[in-house]
Structures are given as structure tokens and as C-alpha cells.
Amino acid sequence: MTEQALSIDLIRTDGETQTRASASEDTVTDYAEQVNGTWPFPPLDVFHDGSDYWVADGFHRILAAQRAKRGSVPCNVHSGTQRDAFLFGLTANNKHGLRRSNADKRHAVTRLLQDEEWGGVTVRALADMAGVSKSFVCN
């Protein structure tokens, strides 16, 4: 992983790597108001597959940066695929940022269950991947 500033235009947000049910407009607005010259947030985590940079953690931050008309944002750049970005993002907000709602958790579990590969893993493995309890997956 390397940290570098990336042009916002290079960062892909359209690859279904977003693990939330939806973005919080209040959070984007709040973050955009804080971006005034300096970057007060942790770097985004993005995965580079050789041609594209996929957001794994930082959707609210990049939306705020776009709204604030920033040209670039600091990023932790990991080597990996679009799928790697999605997996990384599943538990990213367990440690920081806007906590996931139950709708966000349900969205993540549903996406995993619908996946050809991940939908076939055990309930325990699914819960670990999604950062939720086994009972949450079963309900």
C-alpha cells in the first residue's frame, strides 16, 4: 500500500464497491463544509487493478470532495481488484466514520449472498466477511 494524492477524476465510484444501502446526504454536506483548503479526514482507501482505482472506503469523503470541487484527495492505494475493494469496504466503517445502519448491514449481507462465489460460503464466514453476527445473517 502506498499513500498518494489522486485526481478525483481517476477514482471510480460506479463499480458497485459501495457497501452501504445509500449515502447519507447529511454526512456528505457536513464533510463538504469541512473541506476548505486542507484535508481534515483520513485518506480514502482505493484498490488499483492496473487501470482503474476503485473506492473501498471513503464514499462520503469523495462525494464531499466532489461537492467542494477539490481536484485531488489523499488515498491509500492498495493493489487489487474491484472485488477486493468491495470486500475491504464491508468492514471499513466498523472502526471509524459513519457507523453502518442495519439497512447498510443488510445490504452488504444480501450482496454477498447473491454473489456466485461468496454466496456459497458458510454462515459464519459470511458474517465475518460482512462484519456482522451470525444471527444477523440468519435473520
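Source: prediction; values computed, not measured.
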Step-by-step side-chain contact (heavy atoms from CB on, under 4.5 Å) determination, Ile8 to Ser72
CA-CA 5 Å; Ile8 289 178; Ser72 64; 5.6 Å; no
Going only through I, L, V, M, F, W and Y residues with side-chain contacts under 4.5 Å, is there a path from Val55 to Leu63?
no
Rounded distance (nearest 0.5 Å) linking atom NE2 of His60 with atom OG1 of Thr27
5.0 Å
Just checking, is any N or O donor in the side chain of Thr110 or Gln114 under 3.5 Å from an acceptor N or O on the other one?
no
Assess the residue pair Val73 and Arg61 against the criterion (side-chain contact (heavy atoms from CB on, under 4.5 Å)); give the C-alpha distance rounded to whole Å, side-chain angles, the decisive distance to 0.1 Å, and a yes or no.
CA-CA 9 Å; Val73 291; Arg61 287 172 277 160; over 6 Å; no
Rounded distance [0.5 Å steps], CG in Asn139 versus NZ in Lys134:
12.0 Å
Cluster overlap Leu10 with Trp54, hydrophobic side-chain contacts below 4.5 Å:
no
One pair to check against side-chain contact (heavy atoms from CB on, under 4.5 Å): Asp115 and Arg111. What are the steps and the verdict?
CA-CA 6 Å; Asp115 186 87; Arg111 292 261 318 272; over 6 Å; no
Residue pair Met129 / Leu112, side-chain heavy-atom distance below 4.5 Å:
yes
Does any donor atom in the side chain of Thr29 or Asp26 lie under 3.5 Å from an acceptor atom in the other side chain?
no
From Leu90 CG over to His107 NE2, what is the distance, rounded to the nearest 0.5 angstrom?
9.5 Å
Is the closest basic N to carboxylate O distance between Arg67 and Glu25 below 4.0 Å?
yes
Using ring centroids (six-membered ring only for Trp), state whether Tyr31 and Phe41 fall under 6.0 Å.
yes
Can you give me the closest heavy-atom contact between Ala130 and Thr91, atom names plus distance?
C-CG2, 3.9 Å
Is it true that Trp118 and Phe86 have ring centroids separated by less than 6.0 Å?
yes
If I compare all heavy atoms of Ala56 with all of Ala85, which pair ends up nearest, and what's the gap?
CB-O, 3.3 Å
Arg106 side chain near Val132 side chain, heavy-atom distance below 4.5 Å:
no
In one Ile/Leu/Val/Met/Phe/Trp/Tyr side-chain cluster, 4.5 Å: Ile62, Tyr53
yes
How long is the span from the OG1 atom in Thr2 to the CD atom in Gln4, to the nearest 0.5 Å?
4.5 Å
Run the side-chain contact (heavy atoms from CB on, under 4.5 Å) check on Lys105 and Phe136 step by step: do they pass?
CA-CA 9 Å; Lys105 294 174 188 177; Phe136 189 91; 3.5 Å; yes
Does Val123 reach the side chain of Cys138, with side-chain heavy atoms less than 4.5 Å apart?
yes
Would a distance-only check, ignoring hydrogens and angles, find a side-chain to backbone donor-acceptor pair under 3.5 Å from Thr38 to Pro40?
no
Glu16, CD: over 12 other non-hydrogen atoms inside 6.0 angstrom
no
Following the transitive rule for hydrophobic clusters with a side-chain heavy-atom cut-off under 4.5 Å over Ile, Leu, Val, Met, Phe, Trp and Tyr, establish whether Leu87 and Leu44 coincide in one cluster.
no
Heavy-atom side-chain contact between Thr19 and Asp104 under 4.5 Å
no
Would you name the heavy atoms of Gln34 and Asp30 that are closest together and state the gap between them?
NE2-OD2, 3.2 Å
Nearest 0.5 angstrom please: Asn76 CG to Glu3 CD, how far?
5.0 Å
Are Leu6 and Val46 side-chain neighbours, meaning at least one heavy-atom pair lies under 4.5 Å?
yes
To the nearest 0.5 Å, what is the distance between CG (Asp52) and CZ (Phe47)?
14.5 Å
State whether a side-chain donor-acceptor pair under 3.5 Å links Asp84 with His78.
no
Locate the shortest heavy-atom distance separating Ala32 from Ala68; write the atom from each residue and the value.
O-CB, 4.2 Å
Side chain to side chain, Cys75 and Ile11, heavy atoms closer than 4.5 Å
yes
